[in-house]
Amino acid sequence: MRASRFHLATLKETPVDAEIVSHQLMLRAGMIRRHAAGIYSWLPLGLRILRKVEQIVREEMDRAGALELLMPSFQPAELWQESGRWEQFGPELLRLKDRHERDACIGPTHEEIVTDIFRREVNSYRQLPVNFYQIQTKFRDEIRPRFGVMRSREFIMKDAYSFDLNQDAMQRSYDIMDQAYVNIFDRFGLDYRAVSADSGAIGGNTSQEFHVLAESGEDAIAFSDQGDFAANIETVEALPPAAERAAPAADMEIVDTPGMHTIDDLASGLGISARQCLKTLIAEAEDGGLVALVLRGDHELNVLKAERLAGVASPLRLAQREQIIEVLGNDIGSIGPIGLSIPVFVDHSAARLADFVCGANQDDRHLVNANWGRDCDEPVSVDIRNVLAGDPSPDGKGQLKILRGIEVGHIFQLGQKYSESMQATVLDEQGKAIVPFMGCYGIGVTRVVAAAIEQNHDDKGIIWPESLAPFQLAICPINYHKSDVVKQAADDFYQQCLDRGLEVFLDDRALRPGVMFSDMELIGVPHRVVFSERGLGAQQFEYKGRRDADAQELPLDELTTFLEKLVTSSCAPG
RNA sequence: CGGGGUGUAGCGCAGCCUGGUAGCGCAACUGCUUUGGGAGCAGUGGGUCGGGAGUUCGAAUCUCUCCACCCCGACCA
């Protein structure tokens, strides 16, 4: 590609409403442009990368035996009514009516459509297993789209759906997809982790997420420093502390704590550690009343765990301040478990504390040297906190480490949820109708692009992994329009690259070198060759890798060897 | 949806308080010079000041209203 014929739309200034690096760089590099909240066009440069991601996904899905098809975005309401999701799905499902006033939606996912296809097309156990997939546009009317294409309303997803005769066979299909995902993410050249996960609203049991590791990731993932354990932090069990609770050592006292409403206030005000304080959160109960959730001061509530407790409203809602004052008689900031008249659940770690500090259930007062058993009943000890780095791994092997990740893939076992509600069946060997077991496997294709940037960039711009780069090589001739030798050398080499099938970008714009260099660095081209009169005069060309600190001068007669090495390395799988 | 904020040229902003000729930088276009890290000079084009209503002789500026977008919270690839 010649720069003069490519729409290179780089920006010098960083758009002000782009919050995260990937969004800023995608706009600056001219990959995407926004039309409305969470709605983007992919410009030619961005599309090249998107296609790279799609192609890797497609090749590995095909290799795993999945069959590509294409399903509609516009979906009739009938199918969603059959599965029950027309009612269940919230406003995230974009509903609309056509000119005949028929209800429909723009598909946020395709379980209904694929199940409809399956029940029409597949009748016999002989046709199983089967796995249909597509790479297609989804629409989810997110409450708050943000971070560019990381959380957009319209996005491209690869979604695959497997159908099997029984649970074991479903497990086999799932394992095949698991391996396919490993292959895909390996080929992307990104640092990622597969972690076990909550199966969320779609339902089913076993579920795994694939996270691209990045500081800016919205999810925390915990993994063992010794074993294989890795999971989304929201699912990780916090083991009770090994040590028994110490015996009470001092008498309980009430102290005045004016203005100390947070654990930090309290710890610094009393000169103690947050670990010695109790944090008491008040949530709504299932019956409309309140429940108390008690944690150690330095711990964080895990919402998923809390809403699974008997009596706690699910989804979890923290109580309104007015209701707390009405029921408990005092304000948030001085609540404690001792003397509370509502059900109290205490996290294991908090339940092991002795001589702790907690709210006195009187405004601006706290209790010190309080003790379970002596000053109130023995606690109901449960696991309701997020694990922390250094906690023991639930599999007993080593300690947990915590990293941040961007969820780009998710594989589920759905079981018979959709096949049953939509009455999809196949006949088995006995001629009996069997409800098949389904699996569902997603990759956020557009999100992969953003995640790759989030993980691979520097202050100059994007650093694409070889497998995702829009161009492998940039040729920057200096004085292309003035110097015949430079033009000759650049054109010849460009043609050689094309002949060898390399994706090459020739910057034939009449620009000063600094502008060319910064553009090529911004858009993240992995390799750069410079031709100049000075260099050519010395029988040299210049090479610089995107990650290299300095360029190197190489003899001109090695140019062909250099090209061959580049072709080999960039065409190698992975 | 709740809370906070912003809408002025393609992008980034000033002007608004205190009503009176719509401005700056970058980008774009033309010409000349320059050519190894985002050049210089000269010139040019580009605006329903988010929309509507109101107050006023007069509104980017004051009032009301609607809309859009951004940021913080509950959802997800």
Side-chain angles (χ1 to χ4, degrees), chain A residues 9-20 23 27-28 30 33-39 53 57 89-93 108-110 135-160 181 197-202 207 209-212 218-219 232 234 303-304 307 315-318 320 405-412 440-451 460-461 476-483 486 509-522 528 530-535 542 544 550-551 553:
Chain A
T10 54
L11 303 174
K12 214 190 277 188
E13 290 179 81
T14 303
V16 73
D17 47 2
E19 195 75 2
I20 58 168
H23 188 197
L27 288 168
R28 285 194 51 207
R33 292 290 186 252
R34 190 180 65 85
H35 301 286
I39 302 292
V53 174
V57 170
F89 235 95
E92 196 172 81
L93 178 67
T109 173
H110 283 70
I135 296 175
Q136 189 250 18
T137 299
K138 301 275 183 271
F139 193 93
R140 294 186 189 172
D141 204 357
E142 294 281 346
I143 305 168
R144 186 150 85 84
R146 62 190 132 166
F147 304 146
V149 298
M150 195 74 90
R151 181 178 300 284
S152 53
R153 291 194 292 169
E154 186 175 304
F155 60 99
I156 295 173
M157 181 168 156
K158 186 282 300 175
D159 48 328
Y181 272 46
D198 181 63
S199 40
I202 301 187
S207 146
E209 292 171 352
F210 288 77
H211 286 261
V212 170
E218 286 194 272
D219 289 288
N232 192 308
E234 60 188 22
V303 172
L304 282 178
E307 63 194 18
L316 186 85
R317 288 182 303 271
L318 289 180
Q320 297 297 308
I406 300 165
E407 186 190 347
V408 288
H410 202 160
I411 59 179
F412 292 87
C440 142
Y441 317 92
I443 290 180
V445 173
T446 36
R447 186 180 278 185
V448 166
V449 176
K460 297 192 177 97
C476 298
I478 293 172
N479 270 329
Y480 182 83
H481 291 267
K482 289 275 174 67
S483 162
V486 168
R509 300 175 294 176
L511 290 175
R512 299 166 67 85
V515 182
M516 289 192 280
F517 295 161
S518 29
D519 268 353
M520 292 308 106
E521 281 158 348
L522 176 59
R528 182 185 84 191
V530 177
F531 293 112
S532 67
E533 267 189 329
R534 193 182 71 194
E542 178 192 297
K544 183 171 178 298
D550 298 300
E553 300 290 339

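Just so you know, these numbers use all the heavy atoms, side chains as well, and skip hydrogens, waters and symmetry mates. So that the names make sense, note that chain A is the first sequence line, chain B the second, and so on, each numbered from 1. Please read all numbers here as calculations on a predicted model, not as lab measurements.
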Distance-only donor-acceptor test, A:Glu533 side-chain atoms vs B:rG36 base atoms, 3.5 Å: no
N or O in side chain of A:Arg534 less than 4.0 angstrom from B:rG36 OP1/OP2: no
Touch class at under 4.0 angstrom, heavy-atom based, for A:Ile443 against every strand present: nothing
A:Glu19 CD to B:rU6 C1', straight-line distance once rounded to whole Å: 14 Å
Whole-Å gap separating C1' (B:rC75) and CD (A:Glu407): 12 Å
Span that lies between the P atom of B:rG40 and that of B:rG4, in whole angstrom: 45 Å
Nearest-nucleotide pick for A:Ala36, side chain only, options being B:rA77, B:rC71, B:rC69: B:rC69
Sugar-phosphate, base or nothing in reach of A:Val530, heavy atoms under 4.0 Å: base
For A:Arg153, salt bridge (charged side-chain N to carboxylate O under 4.0 Å, His left out) partners two or more places apart: A:Asp141
Phosphate-side-chain proximity, A:Arg144 and B:rC71, N/O vs OP1/OP2 below 4.0 Å: yes
Among B:rG12, B:rA77, B:rG36, the nucleotide that comes nearest once only the side chain of A:His410 is considered: B:rA77
Touch class at under 4.0 angstrom, heavy-atom based, for A:Glu142 against every strand present: base
Axial cation check for A:Phe517 ring with A:Arg528, 6.0 Å and 45° limits: yes
Out of B:rC76, B:rG36, B:rC1, whichever nucleotide has its closest atom nearest the side chain of A:Arg151: B:rC76
Separation of atom CD in A:Glu92 from atom P in B:rC1, rounded to whole Å: 16 Å
Can you pull every protein N or O that's under 3.5 Å from an N or O on nucleotides 37-45 of chain B?
residue: B:rG37; atom: O4'; partner: A:Gly514; partner atom: N; Å: 3.4
residue: B:rG37; atom: O6; partner: A:Arg528; partner atom: NH1; Å: 3.0
residue: B:rG37; atom: O6; partner: A:Arg528; partner atom: NH2; Å: 3.1
residue: B:rG37; atom: N1; partner: A:Glu521; partner atom: OE1; Å: 3.3
residue: B:rG37; atom: N1; partner: A:Glu521; partner atom: OE2; Å: 3.1
residue: B:rG37; atom: N2; partner: A:Glu521; partner atom: OE1; Å: 2.3
residue: B:rG38; atom: O2'; partner: A:Lys12; partner atom: NZ; Å: 3.0
residue: B:rG38; atom: O6; partner: A:Arg28; partner atom: NH2; Å: 3.1
residue: B:rG38; atom: N2; partner: A:Asp519; partner atom: OD1; Å: 3.2
residue: B:rA39; atom: OP2; partner: A:Arg512; partner atom: NE; Å: 3.3

Side chain to side chain donor-acceptor pair (under 3.5 Å) involving A:Glu521 - partner list, sequence neighbours excluded: none
Sugar-phosphate only, base, or nothing, as touched by A:Asn479 at under 4.0 Å among non-hydrogen atoms: base
Separation of the P atoms in B:rU61 and B:rC69, to the nearest angstrom: 23 Å
Of the listed nucleotides B:rC1, B:rC70, B:rC75, the one nearest the side chain of A:Arg34: B:rC70
Inter-nucleotide P distance (B:rG25, B:rG43), Å rounded: 13 Å
Sugar-phosphate, base or nothing in reach of A:Ser152, heavy atoms under 4.0 Å: base
